[in-house]
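Have a look at the structure below before the remarks.
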Number of protein chains: 2
Amino acid sequence: MDQELIKKIPHKTIQRLSQYRRALLLCFEQGKTHIFSHEIANIQHITAVQVRRDLMLIGYSGNLRKGYNIKDLIDLIGEIIDSPNGQKVAIFGMGNFGRAIAKYFTGRRSKLTIVAGFDVSPEKVGKQVAGVPCYSVEEAQQIILEEGIRIGIITVPGDQAVETARMMVEAGVKGILNFSPTPVEVPENVFLEEYDMVTSLEKVAFYVKEH
Amino acid sequence: MDQELIKKIPHKTIQRLSQYRRALLLCFEQGKTHIFSHEIANIQHITAVQVRRDLMLIGYSGNLRKGYNIKDLIDLIGEIIDSPNGQKVAIFGMGNFGRAIAKYFTGRRSKLTIVAGFDVSPEKVGKQVAGVPCYSVEEAQQIILEEGIRIGIITVPGDQAVETARMMVEAGVKGILNFSPTPVEVPENVFLEEYDMVTSLEKVAFYVKEH
DNA sequence: CATAATTTGTTATTTTATTAACAGGGCAAA
DNA sequence: TTTGCCCTGTTAATAAAATAACAAATTATG
Ligand SMILES: NC(=O)c1ccc[n+]([C@@H]2O[C@H](COP(=O)([O-])OP(=O)(O)OC[C@H]3O[C@@H](n4cnc5c(N)ncnc54)[C@H](O)[C@@H]3O)[C@@H](O)[C@H]2O)c1
Ligand SMILES: NC(=O)c1ccc[n+]([C@@H]2O[C@H](COP(=O)([O-])OP(=O)(O)OC[C@H]3O[C@@H](n4cnc5c(N)ncnc54)[C@H](O)[C@@H]3O)[C@@H](O)[C@H]2O)c1
């Protein structure tokens, strides 16, 4: 696919492609070879039109009678969202959440590998969590460079997030997923995604509230 | 505020209100009494217009010279998104992630309290995590009813999520925050929020990829 | 062979969300 | 007092996302 076009894919479509792929992988494991847009839509919470539109944007054509070839589609989504040689990820803050993430990601075959954790606590530095070595923050710059880590996950306490992000960017990280409740600033050439769990829960609470 | 109007507030605004409040609480603790829209905007990643628009929607008026009264605004946001007597929350699946959430939420004063965890593993049932008792899933229906739990967080493995959600709804849960990668179905009167961490990370990876 | 039934691919429309524009108010300083 | 500045609140314009609508293609079937 043309690189120019890839950049024009809406953010929401990128997210859905990731989700389509996971659903497709499940179908593929079950021995299915083809799938219709409305079947994909049923698995996710969306409409068949949305699915077709997304696939149109990535230039994938299905078979009019059999639908989409699952294997081909998985591969095409992979070509778009994965990097050929994978990407390395580091976790900043190996507390309860950071460790849960490390355990969760390790072992599952994926183009994304968590290769390092960083923490300030002497109890954690030097240990391994699910095979992920934990280093001190002082070593971060060096390890990030050596390993070629381009993505960082922030799971430090909120009051440490801004400084941590600054340091990550300085060390060469190109993408940050910030799970702390404190928004951080990054330069334009760094991609930032933030998710605040408390906000999500408060949102649910609001819509559940007896007005 | 009028209940009819409250229901018309956009989802995104509700999320931002939650975030404004947290930022405001920090400012309040630092002794500030008033704040301008552009100051709030700077803390979050948004524009001052967005802030003013959101506050307009909830009918809050600031002082032309001093900006918004922090204390009043915190209280108003609380009136809108909190329930007066708080709401009870349960976690389904007390694994690594579920336990991290339990530890994280406990102790912080908030209108949301995690009062129970549920799991199938005999090792976990009967124990406590950060003061949150873990029950077997068989007990769920009864405990949810007794405690008046209206909100549930799903942190069971993906292949258990659909069945878990079904059971939660049957037991009377009115809002679900699903962290498993598997989308679940809920009836119309139940509010559903889903967050998929892998998708977030894949999104970051995509925008960081060297095209 | 014609027809009905499906499903894709794409354009048009609608809805939702964000940003821009600006009137009006209040205070400070000239 | 008057001028200028910097706010808020609100309407208007723009952009992004989702949905609807439908032509074209393919196959099964009478
Ligand atoms: N645990 C959850 O379920 C959860 C949910 C939502 C958000 N979060 C957020 O994730 C973050 C971590 O939460 P947690 O529950 O794991 O807390 P935690 O206290 O268990 O872990 C924080 C870790 O960060 C380390 N740390 C502190 N300062 C650091 C620094 N400057 N550099 C590197 N490491 C540092 C600490 O030593 C500790 O190991 C917080 O910002 C929290 O708000 C956690
Ligand atoms: N750990 C993470 O950082 C992380 C990140 C993103 C998403 N998730 C998702 O959260 C979920 C849990 O992840 P985890 O890492 O905590 O896994 P985990 O295996 O540590 O925990 C899962 C827990 O659920 C329990 N369980 C299994 N079936 C159950 C059922 N039917 N009812 C109640 N409990 C049941 C298990 O006994 C276990 O305690 C998974 O769906 C995972 O995809 C986890």
Side-chain angles (χ1 to χ4, degrees), chain A residues 1-2 5-20 24 27 32-70 72-73 76-77 183 192-194 199 203 207, chain B residues 1 5-20 24 27 32-70 72-73 76-77 183 192-194 199 203 206-207:
Chain A
M1 241 195 108
D2 181 19
L5 286 179
I6 284 185
K7 284 187 186 145
K8 293 210 181 95
I9 300 174
H11 283 215
K12 290 277 183 82
T13 295
I14 295 295
Q15 288 179 216
R16 282 190 296 263
L17 287 176
S18 160
Q19 285 161 347
Y20 297 160
L24 291 170
C27 295
K32 266 182 83 116
T33 61
H34 290 78
I35 194 166
F36 295 122
S37 61
H38 64 260
E39 290 179 290
I40 300 180
N42 276 347
I43 302 174
Q44 313 292 323
H45 296 289
I46 50 172
T47 64
V49 187
Q50 185 75 270
V51 174
R52 293 207 298 277
R53 176 162 260 287
D54 286 336
L55 299 190
M56 183 186 88
L57 287 172
I58 64 171
Y60 186 70
S61 282
N63 180 299
L64 210 40
R65 206 62 199 171
K66 293 191 279 181
Y68 302 95
N69 181 300
I70 292 178
D72 288 355
L73 189 47
L76 177 60
I77 294 175
L192 174 66
E193 176 87 358
E194 305 198 306
T199 288
K203 183 177 170 190
Y207 284 104
Chain B
M1 242 195 106
L5 286 179
I6 286 186
K7 285 189 185 141
K8 292 208 181 97
I9 299 173
H11 283 216
K12 290 276 182 81
T13 294
I14 294 295
Q15 288 178 216
R16 282 191 295 262
L17 288 176
S18 160
Q19 284 161 347
Y20 297 160
L24 291 169
C27 296
K32 267 183 82 117
T33 61
H34 290 78
I35 193 166
F36 294 123
S37 62
H38 63 261
E39 291 178 291
I40 301 180
N42 276 347
I43 303 174
Q44 313 292 322
H45 297 288
I46 50 172
T47 64
V49 187
Q50 185 74 271
V51 174
R52 293 207 299 277
R53 175 162 264 287
D54 286 336
L55 298 190
M56 183 185 89
L57 288 172
I58 63 170
Y60 185 71
S61 281
N63 180 298
L64 210 37
R65 204 65 198 170
K66 294 192 277 181
Y68 302 96
N69 181 300
I70 292 178
D72 288 355
L73 189 46
L76 178 59
I77 294 176
L192 174 66
E193 176 86 358
E194 306 198 306
T199 288
K203 184 179 170 189
F206 170 79
Y207 285 104

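Every chain is numbered from 1 and lettered A, B, ... according to where its sequence line falls, protein lines coming before strand lines.
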Checklist entry - Can any side-chain N or O of Glu39(A) pair as donor or acceptor with the backbone N or O of Phe36(A) at less than 3.5 Å? => result yes
Checklist outcome for this item: From CD of Gln50(B) across to C1' of dT10(D) the rounded distance in Å is 14 Å
Checklist outcome for this item: In whole angstroms, the gap separating P of dA18(D) from CD of Gln44(A) amounts to 13 Å
Checklist entry - Expressed in angstrom and rounded to an integer, what is the separation of Leu57(B) atom CG from dT10(D) atom C1'? => result 11 Å
Checklist entry - Between Ile35(B) and Cys27(B), what is the shortest heavy-atom contact and its length? => result CD1-SG, 4.0 Å
Checklist entry - OP1 or OP2 of dC7(D) sitting under 4.0 Å from any side-chain N/O of Lys66(B)? => result no
Item to check | Per Leu64(B) side chain, nearest of listed nucleotides dT10(D), dG25(C), dT8(C) | outcome: dG25(C)
Checklist entry - Atom CG of Leu55(B) to atom P of dT10(D): distance rounded to whole Å? => result 11 Å
Checklist entry - Does Ser61(B) make a side-chain N or O approach to OP1 or OP2 of dT8(D) shorter than 4.0 Å? => result no
Checklist entry - What distance separates Leu17(B) CG from Leu73(B) CG, expressed to the nearest 0.5 Å? => result 8.0 Å
Next on the checklist: Could you tell me how far apart Arg53(A) (CZ) and dA12(C) (C1') are, to the nearest whole angstrom?
Outcome noted: 10 Å
Checklist outcome for this item: Sorted by position of nearest nucleotide on DNA chain D, 5' first, the leading residue of Pro10(A) and Arg52(A) is Pro10(A)
Next on the checklist: On the nucleotide dA18(D), are OP1 or OP2 found under 4.0 Å from the side-chain N or O atoms that Arg16(A) carries?
Outcome noted: yes
Next on the checklist: Please compare Ile35(A) and His11(B) by the position of their nearest nucleotide in DNA chain C and report the one closer to 5'.
Outcome noted: Ile35(A)
Checklist entry - Between atom CE in Met56(A) and atom C1' in dA17(D), what is the gap in whole Å? => result 13 Å
Item to check | Nucleotide dA15(D), atom C1' - distance to NZ of Lys8(A) in whole Å | outcome: 16 Å
Next on the checklist: It should be established whether Thr13(B) places a side-chain nitrogen or oxygen under 4.0 Å from OP1 or OP2 of nucleotide dA17(C).
Outcome noted: no
Checklist entry - Is any side-chain heavy atom of His45(A) less than 4.5 Å from a side-chain heavy atom of Leu192(B)? => result yes
Checklist outcome for this item: So OH of Tyr68(A) and OH of Tyr20(A): to nearest 0.5 Å the spacing works out to 9.5 Å
Item to check | Closest listed nucleotide, where the reference is the side chain of Phe36(B) and the choices are dT10(D), dC7(D), dA17(D) | outcome: dC7(D)
Item to check | Length of the CZ-P vector between Arg65(B) and dG4(D), whole Å | outcome: 15 Å
